[in-house]
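To start, the structure itself, in structure tokens.
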Number of protein chains: 2
Amino acid sequence: MTTRTDAPTRREQILKEAARLFAERGFHGVGVDEIGAAVGISGPGLYRHFPGKDAMLAELLVGISGQLLTGAKRRLAEAEGVTSSEVLLDSLIEGHIDFALDDRPLITLHDRELDRLRDTDRKLVRQLQRQYVELWVEVVREVYPELAEPSARSAVHSVFGLLNSTPHLGRPGSLPGRGATAELLHRMARGALAAASAG
Amino acid sequence: MTTRTDAPTRREQILKEAARLFAERGFHGVGVDEIGAAVGISGPGLYRHFPGKDAMLAELLVGISGQLLTGAKRRLAEAEGVTSSEVLLDSLIEGHIDFALDDRPLITLHDRELDRLRDTDRKLVRQLQRQYVELWVEVVREVYPELAEPSARSAVHSVFGLLNSTPHLGRPGSLPGRGATAELLHRMARGALAAASAG
DNA sequence: CCTTCAGGTTAACGACCGCTAACCTCCCTG
DNA sequence: CAGGGAGGTTAGCGGTCGTTAACCTGAAGG
């Protein structure tokens, strides 16, 4: 994990605020003037950094999917041969929870605004998502070999639903603390998968 | 359960198609002309049945929340004293799964377009949702008394996330069949709650 | 010192969208 | 058989939104 110390670029500011606004009011519910105002410039000024509003959403969604997949692949590679499938599954769950807790607006966008993308971008995001799911399915089936593949895939999607529920958990502060929440989600995910395999 | 045999009214047709379109492309992404076309009339014709586009969304969301809460209250009343909390919890889960499997577009809208409502409608929906959650929390805490209330509430929200994942499970047909899917979701929900309580 | 360019600004255009107005046409009923 | 309401139609208004055009400015570089 490389920690950044330099200031965020204007592009990054824009993406961050756009993600927040899109998550709050939906892609079509946010105007470019609003996004500009959120970073201290006015609407058309955004076009110095992005070719259009669509491109911001596309970059956000492709970034999310890619980041999730990359992280999962890294965990898979690190575990290769040195740890059990059980530990690898825990690592995948942990990675997804970190993302769901730290980037709630992005998690919200991820399964909400996909259909607003142009065909080419949407296909790319779908492909990244599919690879991420398949990676999970393989690991889950190693831990629970008696789970048939279609059931495993459904179970994985459902676990994503469970983990991605963080935006509904109330603002950070009403929660029992980040660590406790992460632990709770982790236990529930494992419990759900175990129960899925006990068919 | 009273089964309807009479034809749906025009109002009901409109609501059904509007729900589907809103779920597919978002509230702001659908025009009134499109909704009208989906039921064979043209845009402004809708205003004979609804005062505006907002009213359709409001009626849908209030209807969903009310239906979920009413069903849960009925199950609670039927179980009063005659069955264990365990059986009641299973009944709640079953009711929610039926809804998630039979009315996918509505489930999608339910946690996606709430913020597009007028203040008064949004408050009403939030109140209904809160009552539904609290009802679940009470039953869950009867089954798992060692679960503290904040954790129980988080767990319930997460289970909703799990059960509401049905729209991501692929079109009906790629699934192992409705019964098997319902059973899988049920097992996973119970497993997740059991694991939550084992802290 | 002049040029260039990145990164802004405001004005405005064209398209779209929710909604209203005005009108039409059955069908039911007294 | 009048007539009135239910449920449509098309035309069009007013506002909003994404985008472009034209212009400005401050800092870097030869």
Side-chain angles (χ1 to χ4, degrees), chain A residues 6-62 105 109 112-122, chain B residues 6-62 105 109 112-122:
Chain A
D6 51 337
T9 68
R10 173 70 17 126
R11 263 184 74 91
E12 290 167 335
Q13 286 180 45
I14 294 171
L15 283 176
K16 183 181 168 189
E17 294 303 310
R20 184 179 56 81
L21 290 168
F22 289 161
E24 279 174 11
R25 293 206 287 288
F27 179 68
H28 291 296
V30 180
V32 290
D33 289 354
E34 249 172 314
I35 303 173
V39 297
I41 69 180
S42 256
L46 297 172
Y47 287 75
R48 299 288 167 193
H49 304 274
F50 296 92
K53 193 184 163 194
D54 296 349
M56 299 180 207
L57 182 64
E59 187 159 331
L60 283 171
L61 294 188
V62 172
L109 285 186
R112 187 172 296 196
E113 306 286 355
L114 180 57
D115 299 321
R116 274 52 137 191
L117 257 47
R118 283 202 236 91
D119 269 25
T120 163
D121 292 321
R122 188 172 57 249
Chain B
D6 52 336
T9 68
R10 174 64 26 117
R11 262 184 75 89
E12 290 167 335
Q13 287 179 44
I14 295 171
L15 283 176
K16 183 182 168 190
E17 295 303 310
R20 184 179 56 80
L21 289 168
F22 289 161
E24 279 174 10
R25 295 207 285 289
F27 179 68
H28 291 296
V30 179
V32 291
D33 289 355
E34 248 172 316
I35 302 173
V39 296
I41 68 180
S42 255
L46 296 171
Y47 288 76
R48 298 288 167 194
H49 305 275
F50 296 92
K53 192 184 163 194
D54 295 350
M56 300 181 207
L57 182 63
E59 187 159 329
L60 284 171
L61 294 188
V62 172
L109 285 185
R112 188 172 296 195
E113 305 285 355
L114 180 59
D115 299 322
R116 275 50 137 191
L117 256 47
R118 282 202 240 90
D119 268 25
T120 164
D121 291 321
R122 189 172 55 248

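Reminder, nothing fancy here: chain letters follow the sequence lines and each chain counts from 1.
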*Could B:K53 and B:Y47 be counted as a cation-pi pair, given that NZ or CZ must be under 6.0 Å from the ring centre and within 45° of the axis?*
no

*Report the C-alpha separation of A:K16 and A:E12 in whole Å, then their side-chain angles, then the decisive distance to 0.1 Å, and conclude whether the salt bridge (Lys or Arg N to Asp or Glu O under 4.0 Å) test is met.*
CA-CA 6 Å; A:K16 183 181 168 189; A:E12 290 167 335; over 6 Å; no

_Separation of D:dA6 P from B:H49 NE2 (nearest whole Å)_ = 11 Å

*Give the nucleotide from the list D:dT20, D:dG8, C:dT9 with an atom nearest to the side chain of A:I41.*
C:dT9

*Whole angstrom value for the distance that separates P of D:dG7 from CD of B:E12*: 13 Å

*Please work out if A:G31 contacts a base, only the sugar-phosphate, or nothing of the nucleic acid, heavy-atom cut-off 4.0 Å.*
sugar-phosphate

*Criterion side-chain contact (heavy atoms from CB on, under 4.5 Å) on A:R112 and A:F22, from CA distance to verdict*: CA-CA 10 Å; A:R112 187 172 296 196; A:F22 289 161; over 6 Å; no

_Comparing A:P51 and B:G43 on DNA chain D - which has the more 5′ nearest nucleotide_ = B:G43

_Integer-rounded Å distance: D:dT16 P and B:H28 NE2_ = 13 Å

*So which nucleotide from D:dT19, D:dG8, C:dG18 ends up closest to the side chain of B:R48?*
D:dG8

_Measure CD1/A:I14 against P/C:dG7 and give the value in whole Å, please._
10 Å

*Between C:dG8, C:dC19, D:dT20, which nucleotide has the shortest distance from any of its atoms to the side chain of B:K53?*
C:dC19

*When the distance from CG of B:L46 to P of D:dA6 is rounded to whole Å, what number comes out?*
18 Å

*Taking only the side-chain heavy atoms of B:S42 (C-beta and beyond), determine which of D:dG8, D:dT20, D:dT9 contains the nearest atom.*
D:dT9

*For the atom pair CG (B:D115) and CZ (B:R122), what is the distance rounded to the nearest 0.5 Å?*
6.5 Å

*Just how far, in rounded Å, is P of D:dT19 from CG of A:D33?*
12 Å

*asked:* Measure CZ/B:F22 against C1'/C:dG18 and give the value in whole Å, please.
replied: 12 Å

*Give the nucleotide from the list C:dT20, D:dA21, C:dG7 with an atom nearest to the side chain of B:P44.*
C:dT20

*Under 4.0 Å between any heavy atoms, over every strand shown, what does B:V30 touch: base, sugar-phosphate, or nothing? Just pick one.*
sugar-phosphate

*Spacing of A:R11 atom CZ relative to C:dG8 atom C1', expressed in whole Å*: 17 Å

*asked:* Strictly distance-based, threshold 3.5 Å: is any side-chain N or O of B:E17 a donor or acceptor partner for the main-chain N or O of B:I35?
replied: no

